Amino acid sequence: MPGNSKSLGKGRRPAAGASSPHERGEGEDVAIIGGGIIGICAAALLAEAGRGVTIFDRTGICEETSSGNAAAFAFSDVLPLAHKGMIRQLPKWLADPLGPLAIPPAYLPKLLPWLIRFWRAGAARHYEAGLAAQVGMMKLAEAEWMGLLDRSGTRPMLREDGSLELYESEAEFRASLPGWAARERFGIGFRHVEGEEMAGLQPGLAPRFVKGTFVPSWKTVADPKLLGKAVWAHAQKLGARFEHARAEHVGTDADGAVIALADGTTRRAKQVVIAAGAWSHLLARNFGDRIPLETERGYNTTLPVSAFDVKRQLIFSGHGFVITPLATGLRVGGAVELGGIERPPNFQRSKAMLEKAKRFLPGLDPSGGREWMGFRPSLPDSLPVIGQARVPNVFYAFGHGHLGLTQAAATGRLIRDLVLGQTPPLDLNPFRPQRF
């Protein structure tokens, strides 16, 4: 669970030798619970607006789930997860314990209510509303990220090479066409490729791939952990602070919010943002908000840069994973394991993806890799929770699933506007915490 940091009002830093605000009995201005990419972006935008911001996190800045993602700015990934053919493929995938989707049998009874909500979210009557909400969020995300990259001096970390989604049969390709048609309605550009054109986009592919779809606007970053830390450095320059601590409980009183830390101490804040990823719903219960958050446990292996010359992010949707070229290595990862936050990692899943990657890219050197597992906080309708709790001065920013990096800057903008009492640029009704 997240940690803690504090700022001393409007970007001011204490003079050398000055007592801390806690010793003086003062509180934070805005406290953010969670040092992942969502909390970092919210802190940066609030600090830019002149607010004093403190991030609390148990581990550090961008050290957990946000450090190991697939590094994509997936602005064209607008289809709700329940509509991506997952329901149709569920029986086949679940039959393979190392396939794109796994559910440990012992966890299934606990997961069942979430799965029922997920199944209902896939109903046709919810499709257009969910799609429109994601499209709006993605347009805002791209605009906000480009601005934040420029202001933070991190634009050189952006890679605009596009993505290549690959299909092993005509049937798999045809099954993807309705999704591409939906994207086309919203102006998302792409082109289907095969033969020499596909080989030119990624030399060395196995001949098993008969067609692909190239999305030129797809973007990635040089390394998600390094980007998060660089955006945090920007926020720090504006006075944002970090406190290494675990937040166990958050409550409110007439003066604002009270944060109880694991070491037995407390912190006060005028306003609190809960951006604690997969643990956020546990804190939300303190305010009577019971949010059906589940955890997509994602796995990857990051190989040395020399493992294979991958030109752009390769997407193997039929197998539920991607390969991303980073400045710091070649990342092979994805898949979904719905197994909560308590179970130990099953790194056989990482190994299974790496074995497939060797078949898909003959000549890939699989040696020297680092395995990793992270928790993607996911809601049944594939939309995050962004809005105010049932009490004043407490705001939620979590549940982005596999789109946390992509939507972080947009979420930061929306949280900034909510905290400042300004009108957000997006209708927040589809993201309201009380929609369940």
Side-chain angles (χ1 to χ4, degrees), residues 67-74 77 93 96-100 102 157-173 176 190-216 218-226 298-336 345-374 402:
S67 71
N69 61 61
F73 280 159
D77 192 3
W93 284 353
D96 180 1
L98 298 178
M157 301 181 79
L158 181 67
R159 296 178 168 186
E160 301 184 80
D161 302 317
S163 66
L164 180 61
E165 186 160 347
L166 294 157
Y167 313 102
E168 296 176 88
S169 68
E170 285 290 336
E172 184 184 3
F173 170 68
S176 77
F190 59 89
R191 69 176 184 270
H192 302 307
V193 296
E194 58 185 310
E196 291 184 3
E197 185 177 11
M198 187 169 74
L201 288 168
Q202 181 54 62
L205 283 170
R208 65 194 300 153
F209 297 106
V210 299
K211 284 188 178 177
T213 302
F214 175 59
V215 181
W218 192 275
K219 300 172 176 61
T220 57
V221 300
D223 183 283
K225 181 176 180 176
L226 297 181
Y299 293 82
N300 70 46
T301 303
T302 302
L303 302 171
V305 174
S306 59
F308 198 93
D309 184 15
V310 175
K311 301 296 186 182
R312 51 188 44 81
Q313 187 169 81
L314 304 178
I315 301 171
F316 305 96
S317 55
H319 298 271
F321 76 96
V322 304
I323 300 178
T324 312
L326 306 178
T328 51
L330 187 67
R331 183 157 290 168
V332 179
V336 172
N346 175 12
F347 285 117
Q348 290 303 312
R349 295 182 63 72
S350 300
K351 291 177 174 62
M353 285 184 282
L354 192 56
E355 284 297 317
K356 287 182 177 180
K358 287 165 56 181
R359 298 199 301 270
F360 298 166
L361 296 175
L364 174 74
D365 181 357
S367 62
R370 303 186 315 275
E371 293 179 327
W372 176 92
M373 189 271 283
H402 61 286

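Everything quoted here is computed from the prediction, not taken from an experiment.
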Quiz item: Quick one: are K351 and Q348 in side-chain contact, heavy atoms under 4.5 Å?
Solution: yes
Quiz prompt | Donor on one side chain, acceptor on other, S317 and E165, under 3.5 Å | solution = yes
Quiz item: Going from CH2 on W372 to OG on S350, what distance comes out if it is rounded to the nearest 0.5 angstrom?
Solution: 9.5 Å
Exercise. Could you list the residues that satisfy ring pair (Phe, Tyr, Trp, His ring centres under 6.0 Å) with F214, not counting sequence neighbours?
Key: none
Practice problem: Considering non-hydrogen atoms only, spot the tightest contact between P304 and S367 and give its length. | Solution: CD-O, 3.3 Å
Exercise. Taking all non-hydrogen atoms of both residues into account, name the closest pair between G162 and R312 and its distance.
Key: O-CB, 3.3 Å
Exercise. Quick one: pull up CZ in F190 and OG in S163 and give me the separation to the nearest 0.5 Å.
Key: 11.5 Å
Quiz prompt | Heavy-atom pair with the smallest gap, counting every atom of G204 and P362 | solution = O-CD, 3.5 Å
Quiz item: Can you find a pair of side-chain heavy atoms, one from I323 and one from R331, that are under 4.5 Å apart?
Solution: no
Self-check item: Under the ring pair (Phe, Tyr, Trp, His ring centres under 6.0 Å) test, residues paired with F308 that sit two or more places apart
Solution: none
Quiz item: Can you tell me if R349 uses its side chain to pair, donor with acceptor, with the backbone of M373 under 3.5 Å?
Solution: no
Quiz item: Atom CZ in R359, atom CG in L354: separation rounded to 0.5 Å?
Solution: 11.0 Å
Practice problem: Find the distance between CZ (F347) and OG1 (T301) and round it off to the nearest 0.5 Å. | Solution: 8.5 Å
Practice problem: Kindly indicate whether the side chain of D77, heavy atoms from C-beta on, has any atom under 4.5 Å from the side chain of H402. | Solution: yes
Quiz item: Rounded to the nearest 0.5 Å, what separation is found between the CD atom of Q313 and the CG atom of L164?
Solution: 10.5 Å
Quiz item: Should I315 and T213 count as side-chain neighbours, where that means a heavy-atom distance under 4.5 Å?
Solution: no
Quiz item: Would you say the side-chain atoms of N300 pair up with the backbone N or O of E371, donor to acceptor, closer than 3.5 Å?
Solution: no
Quiz item: Are any of the side-chain heavy atoms of E170 and K211 separated by less than 4.5 Å?
Solution: yes
Quiz item: Heavy-atom distance under 4.5 Å between the side chains of N346 and Y299, does that happen here?
Solution: yes
Practice problem: Give a yes or no on whether the backbone of P325 and the side-chain of R159 come within a donor-acceptor separation of less than 3.5 Å. | Solution: yes
Practice problem: Check the pair V305 / L330 against side chain to side chain contact (heavy atoms under 4.5 Å, CB included), numbers first and verdict last. | Solution: CA-CA 5 Å; V305 174; L330 187 67; over 6 Å; no
Quiz item: Taking side chain as C-beta onward, heavy atoms only, is D365 less than 4.5 Å from L303?
Solution: no
Quiz prompt | Contact summary for M198 and G212, nearest pair of heavy atoms | solution = SD-N, 3.5 Å
Quiz item: Around atom CD of E196, are there more than 12 heavy atoms of other residues, nucleotides or ligands at under 6.0 Å?
Solution: no
Quiz prompt | For L201 against P203, the heavy-atom pair lying closest together | solution = C-CD, 4.0 Å
Practice problem: Taking Q202 for its side chain and K311 for its backbone only, find out whether a donor-acceptor pair lies under 3.5 Å. | Solution: yes
Exercise. For E168, enumerate each residue passing the side-chain contact (heavy atoms from CB on, under 4.5 Å) test, keeping only those at least two apart in sequence or located in another chain.
Key: E172, R208, F209, H319, F360
Self-check item: Step-by-step side chain to side chain contact (heavy atoms under 4.5 Å, CB included) determination, H192 to F173
Solution: CA-CA 9 Å; H192 302 307; F173 170 68; 3.5 Å; yes
Quiz prompt | D309 CG to L364 CG distance, which is reported to the nearest 0.5 Å | solution = 11.5 Å
Practice problem: With the side chain counted from C-beta on, respond yes when F321 and P100 share a heavy-atom pair under 4.5 Å apart, and no when they do not. | Solution: no
